[in-house]
Amino acid sequence: MTERIVLAYSGGLDTSVAIGWIGEATGAEVIAVAVDVGQGGESLETIRQRALGCGAVEAYVADASDEFANEYCMPTLKANGLYQGHYPLVSAISRPVIVKHLVKAAREFGATTVAHGCTGKGNDQVRFEVGIQTLGPDLKCIAPVRDLALTRDKAIAFAEEKGLPIETTKKNPYSIDQNVWGRAVETGYLEDIWNGPTKDIYDYTATPEFPPAPDEVIISFEAGIPVAIDGVKVTPLQAIKELNRRAGAQGVGRIDVVEDRLVGIKSREIYEAPGAMALITAHKHLEDITVEREQARFKATVGQRWSELVYDGQWFSPLKRSLDAFIEDTQRYVTGDIRMTLHGGQAVVNGRRSDTSLYDFSLATYDTGDTFDQSMAKGFIELWGMSAKVASGRDIRVAGK
Ligand code: ARG
């Protein structure tokens, strides 16, 4: 029987050419799998037809947009997941859900190998292949761009020679990856890290310099998850989409960073994640009133480690799973409303309320009604400073010798 290879298919030039390229190099039949993670753009049926037109024996489309929002974006929100404090893990969290569907398709169509369009220099190859090793340890991996010398020039020549139903002339200088959680743009002009991004690279966000009137929004959370916007019930996917639209119109969530890739390269990336950044900001502020101080401090460390693991392709790893359990436990009381103003590139929180809040007016107030006994503070401070005071006494003694 002819060997079968499942290919992660985006509909773009590289993966379209990869169908025939893999076929010629290996003699295998190629099954194209496109996964909807809310990337928008062309309809999945158009993409499916293109795959067949490029020689795929089967083309399979998986609608994973709700699954992606529920099981990948929401855990990232609960973790306040920002790699290196900036990047909301847009591409990093989409790879594991794509892998899940690739492995499923490999089983359904009797494939022995999974293929993806990544280069040998980035993080995504690692995320795909570590994911596949974990979910389908018997499956092999192949990356035509990396393993079968499929360069851009060769891809264009191949597409023209075979008359593939794909545009080869439209020159996009950037490498773009997008889904409902955000959009990542790199390469080309941006590789000079002194160059500012030009306006044309943005798609999810309007320029914040000339914003429309401020937009006030109330986001309601239940156990760390957005459940309503301005009182209207929403699913996680709807919440992200609605905030992509409203925060995007105000230019919220533009990020320009040089980040540390797993493979040891520093790389420049422009992100836009209006919905994700608005949600993370709101969520963080709700945690500030509902999560106990020591738990909150420790959670910040856990969230950072969680983000590194996810960035580094360890979504399905035991440590990531254990940290999920910790994070989940912290979200028990993260229920309530956050009011924020979206304007001029900023999402600024200006009100919060929660039935599970730890904010105690009678402890905090400087007005009448104060129940805090200030006389307790004096002794507390004595003891709190004791250890450092003893040590500094020693320093003075030793220096005087
Ligand atoms: N640097 C980001 C990451 O590793 C995004 C990579 C996505 N690819 C792109 N073509 N911009 O997660």
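Just follow the structure's listing: the first ligand is 1, and inside any ligand the first atom is 1. Hydrogens, waters and symmetry mates are skipped; everything else that's a heavy atom, side chains included, is used.
For the residues D124, I270, N123, V185, the heavy atom positioned nearest atom 4 (O) of ligand 1 is part of N123.
Using a 4.0 Å cut-off between heavy atoms, V90 makes no contact with ligand 1 at all.
Protein heavy atom nearest atom 7 (C) of ligand 1, with residue, atom name and distance: S91 OG, 3.2 Å. Scanning the protein for heavy atoms near atom 2 (C) of ligand 1, the closest one is Y271 OH, 3.1 Å. Protein heavy atom nearest atom 11 (N) of ligand 1, with residue, atom name and distance: E269 OE2, 2.7 Å. Closest protein heavy atom to atom 10 (N) of ligand 1: S175 OG, 2.5 Å. Ranking protein heavy atoms by distance to atom 8 (N) of ligand 1, first place goes to E186 OE2, 3.5 Å.
The distance from ligand 1 to the heavy atoms of A184 drops below 4.0 Å at these ligand atoms: 5 (C), 11 (N). Here is the list of ligand 1 atoms found below 4.0 Å of a heavy atom in R127: 3 (C), 4 (O), 12 (O). Every atom of ligand 1 is numbered from 1 in the order shown, and the set under 4.0 Å from a heavy atom of E259 is 1 (N), 2 (C), 3 (C), 4 (O).
Using a 4.0 Å cut-off between charged side-chain N and carboxylate O, D124 and R127 make a salt bridge. Looking at E259 and R268, no side-chain N of the basic residue comes within less than 4.0 Å of a carboxylate O on the acidic one, giving no salt bridge. The residues K78 and E287 are annotated as not salt-bridged, no charged nitrogen and carboxylate oxygen being separated by less than 4.0 angstrom. A salt bridge links E294 with R297: the closest approach of a Lys/Arg side-chain nitrogen to an acidic carboxylate oxygen falls below 4.0 angstrom. With salt bridges taken as basic N to acidic carboxylate O contacts below 4.0 Å, one links R246 and E242. In this structure, E42 does not pair ionically with R48, as no charged nitrogen and carboxylate oxygen lie closer than 4.0 Å. Ion pairing between R352 and D288 fails under the 4.0 Å rule for side-chain N and carboxylate O. Look at R95 and E129 and you find no salt bridge, because none of the NZ, NE, NH1 or NH2 atoms lies under 4.0 Å from a carboxylate O.
In this structure, R261 does not count as a contact residue of ligand 1, since none of its heavy atoms falls inside 4.0 Å of the ligand. Close to ligand 1: Y87, with a non-hydrogen atom less than 4.0 angstrom away.
Between R95 and ligand 1, no pair of N/O atoms sits closer than 3.5 Å.
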Determine, stepwise, if the pair Y72 / W315 fulfils ring-ring contact (aromatic ring centres under 6.0 Å, His included). CA-CA 10 Å; Y72 297 81; W315 182 272; 5.0 Å; yes
